[in-house]
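Atoms within a ligand are numbered from 1 in the order they appear, just like the ligands themselves.
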Amino acid sequence: MNAPYSPGLLEQLQLRYAKGTAKMLIGGDWVEAQSGETFQTINPSTGAVIANVASGSDVDVDRAVAAARAAFEGPWAKIRPDERTRLLLKLADLIEANADELALLETIDVGRPIQFSRMIDVQGAIGQLRYNAGWASKIAGETTEISAPGEWFSYVLREPIGVCAQIVPWNFPLVMAVGKLAPALAAGCTIVLKPAEQTPLSTLRLGELVLEAGFPAGVVNIVTGFGRTAGAALAAHRDVDKVAFTGSTVTGKAIIDASKTNFKRVQLELGGKSPTFIFADADLSRAIPAAAMGIFFNAGQVCAAGSRLFVHEKVADQVLEGIVNMAKGMKVGDTLEGDTMIGPLVSAAQLERVTGYIATGREEGARVLVGGERIGEGGYFVQPTVLLDTKPDMRVRKEEIFGPVLCAMRFGDDEDIDALAGRGNETEFGLSASIYTQNISTAHKLARRLKAGTIRINGSGGVDPALPLGGFKASGWGRENGKAGIEAYTELKAVSVAL
Ligand code: ADP
Ligand code: MG
C-alpha cells in the first residue's frame with residue numbers, strides 16, 4: 001500500500017502553525033482579527049492544539065463584506081463566463097496538485113481517516129469545481145410571450161445574486177466550502193466564507209489556492225471565528241444578499257431570524273434522521289455493508305447518515321449479525337494509518353453529546369446490541385453502536401445524534417408500502433433515504449412516498465455535484481448542486497419592451 005501521506009509533511013505543517021496566528025483572507029490580504037483575538041483548533045484524535053486562528057467578529061465581517069461588495073461591483077462584474085470557467089478549472093488543478101497536504105490537514109483538524117480525506121474531501125472538491133466550471137457559460141435566461149395588449153418583447157434575465165455569505169459546518173469543511181463556492185463563483189457572485197471554528201485549516205489553505213489561481217482580490221473572502229460572533233454577524237449583515245448555510249437545525253432557525261434585517265435569500269441544508277429499508281428479497285451482500293457504513297462512516301457525523309434501519313423480520317437476524325460483525329471488525333483509531341475506517345468525533349462537546357444520547361437511549365429503554373462506549377481517553381472516539389427496542393417517541397429515535405449510533409427496527413408482511421413510508425416519514429426531518437429490494441415496484445413506490453430530498457436504491461454513495469442536494473421539512477430550504485444549485489445563486493429579472 002502507498003504511504004498515506006508524504007514523509008515530512010506533518011512536521012512541515014506543525015512548523016507552519018507554530019510560527020504564529022493563522023490569518024483570515026479579506027480583500028486579497030491575510031489579516032488578523034481587528035480585536036487581535038484568536039481561538040485554538042485541535043486535533044480530535046489526541047486533543048492537542050494544532051493552531052491559533054484569528055477570531056473574527058462583526059468589524060472583520062464588515063470589512064470582508066465591503067471587500068466582496070467592491071469586487072462584485074468592480075472587477076468581477078467585468079469578468080466573462082469563459083474566464084470564470086478557466087479560473088474554476090485552475091483552482092481544481094491546484095487542489096489536485098496539493099491533494100496530499102489538503103487531505104492531511106483535513107485529517108488532523110477534523111479527525112477523518114486519511115483514506116477518506118483523500119477520497120471524499122479532496123476528490124469531492126475537485127469534482128465540484130470541474131462540474132460547476134462548465135455552468136459559468138451555460139446560465140441562461142429565457143424569452144416569453146406575454147398577453148398584455150400591444151406588441152411586446154419580454155425576456156427574463158438571470159443575474160448573479162451578489163454578495164453571498166457561506167457558513168460551513170465542521171464535518172466536511174473542504175468539500176462543503178468548495179461545494180458552496182463553486183456554483184456561486186460560476187454564477188458570478190462574490191463570497192464571504194466562514195468555516196466552522198472546529199475546522200478552519202483546510203479552508204484557509206483553500207484561500208491561498210484561490211489567490212494563486214488568479215481570482216481577483218475580494219471575490220473570495222474567508223472570515224474565521226465563532227458562530228455566535230462572526231457567523232451571526234454575517235447572517236444579519238445588511239449588505240449580504242444571500243446566506244447559504246449547512247449545519248444544525250437550531251442554527252438554521254437562528255439564520256432565518258437574522259436574515260430578516262434585509263430579507264436576504266436563505267439556503268439551508270440542515271439535519272436528518274434518514275431511514276434505510278431492507279426488504280426480505282434484498283441482496284444482503286450489498287445491503288449489510290451499506291447499512292453499516294451508512295451510519296458508521298465518519299463516525300456518524302454526516303447529515304445524510306442512515307440512522308434508522310427498518311429491516312424485514314425474515315432477514316433481520318442475518319442483517320443485524322452482519323452489522324454487528326462490521327461494527328466489531330472495523331478499524332477505529334489512528335486517522336493517519338491508511339487502513340483506518342473510523343476516526344474520533346470532532347470535539348469534546350460532540351463526544352459528550354453522543355455519549356449523552358446513548359445514555360438517554362438506555363434510560364428510555366433501548367437495548368445496546370453492540371458498542372455504546374467511549375474508546376480510550378485522549379481522543380474523542382466512540383464505538384460503533386446499534387440500539388434495539390426503540391419507540392418512535394424516544395429521543396434517540398427522533399433526534400439527530402450525529403454519531404455512530406443506529407436505531408434498528410423490524411417490520412413484517414403486515415406492513416404495506418404506505419405503512420412503511422409512514423414510519424420512514426415519522427421524524428421532523430426529510431433529508432435522505434435508502435431502499436434495498438429486488439422488486440422494482442416496491443422500490444419506486446416507496447421512493448415516491450418518502451419525504452426525502454435524496455433517495456438511493458440498492459446502492460450507497462456520497463454527494464454528486466450533478467444531483468440536487470437538500471431536504472424536505474426540517475432538513476432545509478432549497479437545493480445545492482446540479483442545475484438547481486447554480487440557479488440558487490441567481491436572481492430573475494423580467495424585462496418587457498413595448499415595440
Ligand atoms: P454545531 O452545533 O455542531 O457546531 P452549527 O450548526 O451550530 O453546528 O455550526 C455550523 C456552522 O454554523 C459553523 O460554522 C458555526 O460557526 C456556524 N454558526 C453557529 N451558530 C451560528 C449563528 N447563530 N449564526 C450564524 N452561524 C452560526
Ligand atoms: Mg480541529
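Distance from atom 16 (O) of ligand 1 to its nearest protein heavy atom, with residue and atom name: E197 OE1, 2.5 Å. Atom 6 (O) of ligand 1 has S248 N, 2.7 Å as its closest protein atom, hydrogens excluded (heavy atom only). Of all protein heavy atoms, the one closest to atom 20 (N) of ligand 1 is T251 CG2, 3.4 Å. The protein atom (non-hydrogen) at minimum distance from atom 12 (O) of ligand 1 is F245 CE1, 3.1 Å. With hydrogens left out, the protein atom closest to atom 22 (C) of ligand 1 is G227 O, 3.5 Å, a heavy atom.
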Show me the side-chain donor-acceptor pairs of residues 375-385 shorter than 3.5 Å, one per line, residues at least two apart or across chains.
from	atom 1	to	atom 2	distance (Å)
Q383	OE1	E373	N	3.2
T385	OG1	G372	N	2.8
T385	OG1	Q383	O	2.7

Under 3.5 Å, which donor-acceptor pairs link side chains of residues 11-18 to any protein atom two or more places apart or in another chain?
from	atom 1	to	atom 2	distance (Å)
R16	NH1	E101	OE2	3.2
R16	NH2	E101	OE2	2.6

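K473 forms no cation-pi arrangement with F429, by the criterion of a distance under 6.0 Å to the ring centre and an angle within 45° of the ring axis. Taking the ring axis of F226 as reference, the NZ or CZ atom of R228 stays within 45° of it and closer than 6.0 Å to the ring centre.
R130 has a carboxylate O that lies under 4.0 Å from a charged side-chain N of E96, or vice versa, which qualifies the two as a salt bridge. Salt bridge status for E426 with R308: present, with a side-chain N to carboxylate O gap under 4.0 Å. With salt bridges taken as basic N to acidic carboxylate O contacts below 4.0 Å, none links K398 and E428. Salt-bridge check for D29 with K23: failed, with every basic side-chain N at 4.0 Å or more from each acidic carboxylate O. Of the charged side-chain nitrogens involved, none lies within less than 4.0 Å of a carboxylate oxygen, so that D58 and R63 do not count as a salt-bridged pair. Ion pairing between a basic and an acidic side chain is recognised when a charged N comes within 4.0 Å of a carboxylate O; R69 and D239 show such pairing.
Residues meeting the side-chain hydrogen bond (donor to acceptor under 3.5 Å, both in side chains) test with E480, sequence neighbours left out: K180.
Neighbouring protein atoms of the Mg ion (ligand 2) (N, O or S, distance under 2.8 Å, waters ignored): T41 OG1, I42 O, D109 O, D109 OD1, Q198 O.
With 3.5 Å as the limit, one finds no donor-acceptor pair spanning the side chains of K194 and Q166.
Of the polar atoms of R228, none of the N or O atoms is found under 3.5 Å from an N or O of ligand 1, judged by distance alone. Close N/O approach between Q350 and ligand 1 is not found [any backbone or side-chain N/O within under 3.5 Å].
Close approach of ligand 1 to K194 is summarised as follows: ligand atoms under 4.0 Å from at least one heavy atom of the residue are 14 (O), 15 (C), 16 (O). For ligand 1, the atoms lying closer than 4.0 Å to a non-hydrogen atom of A196 are 13 (C), 14 (O). If you number the atoms of ligand 1 from 1 as listed, the ones under 4.0 Å from a heavy atom of I167 come out as 11 (C), 12 (O), 14 (O), 17 (C), 25 (C), 26 (N). Ligand 1 places these atoms under 4.0 Å from at least one heavy atom of A232: 24 (N), 25 (C). Which parts of ligand 1 touch Q198 is read off a 4.0 Å heavy-atom cut-off, strictly below it: atoms 4 (O). The ligand atoms of ligand 1 that sit less than 4.0 angstrom from a heavy atom of G247 are 6 (O). Taking every heavy atom of V168 and a limit of under 4.0 angstrom, the matching atoms of ligand 1 come to 11 (C), 13 (C), 14 (O). Every atom of ligand 1 with a heavy atom of G231 under 4.0 Å away is listed here by number and element: 24 (N), 25 (C), 26 (N).
When distances from atom 9 (O) of ligand 1 to the protein are checked, no heavy atom turns up under 4.0 Å.
Within 6.0 Å of NZ in K331 there are more than 12 heavy atoms belonging to other residues, nucleotides or ligands.
Under 4.0 angstrom from ligand 1, there are no non-hydrogen atoms of F402.
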* Using the salt bridge (charged side-chain N to carboxylate O under 4.0 Å, His left out) rule, take R118 and D121 through it: C-alpha gap first, then chi angles, then the decisive distance, then the call. => CA-CA 6 Å; R118 271 179 195 292; D121 299 276; over 6 Å; no
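In this structure, the side chains of T190 and F215 stay at 4.5 Å or more apart for every pair of heavy atoms.
Within the structure, the closest approach of W170 to ligand 1 falls below 4.0 Å when heavy atoms are considered.
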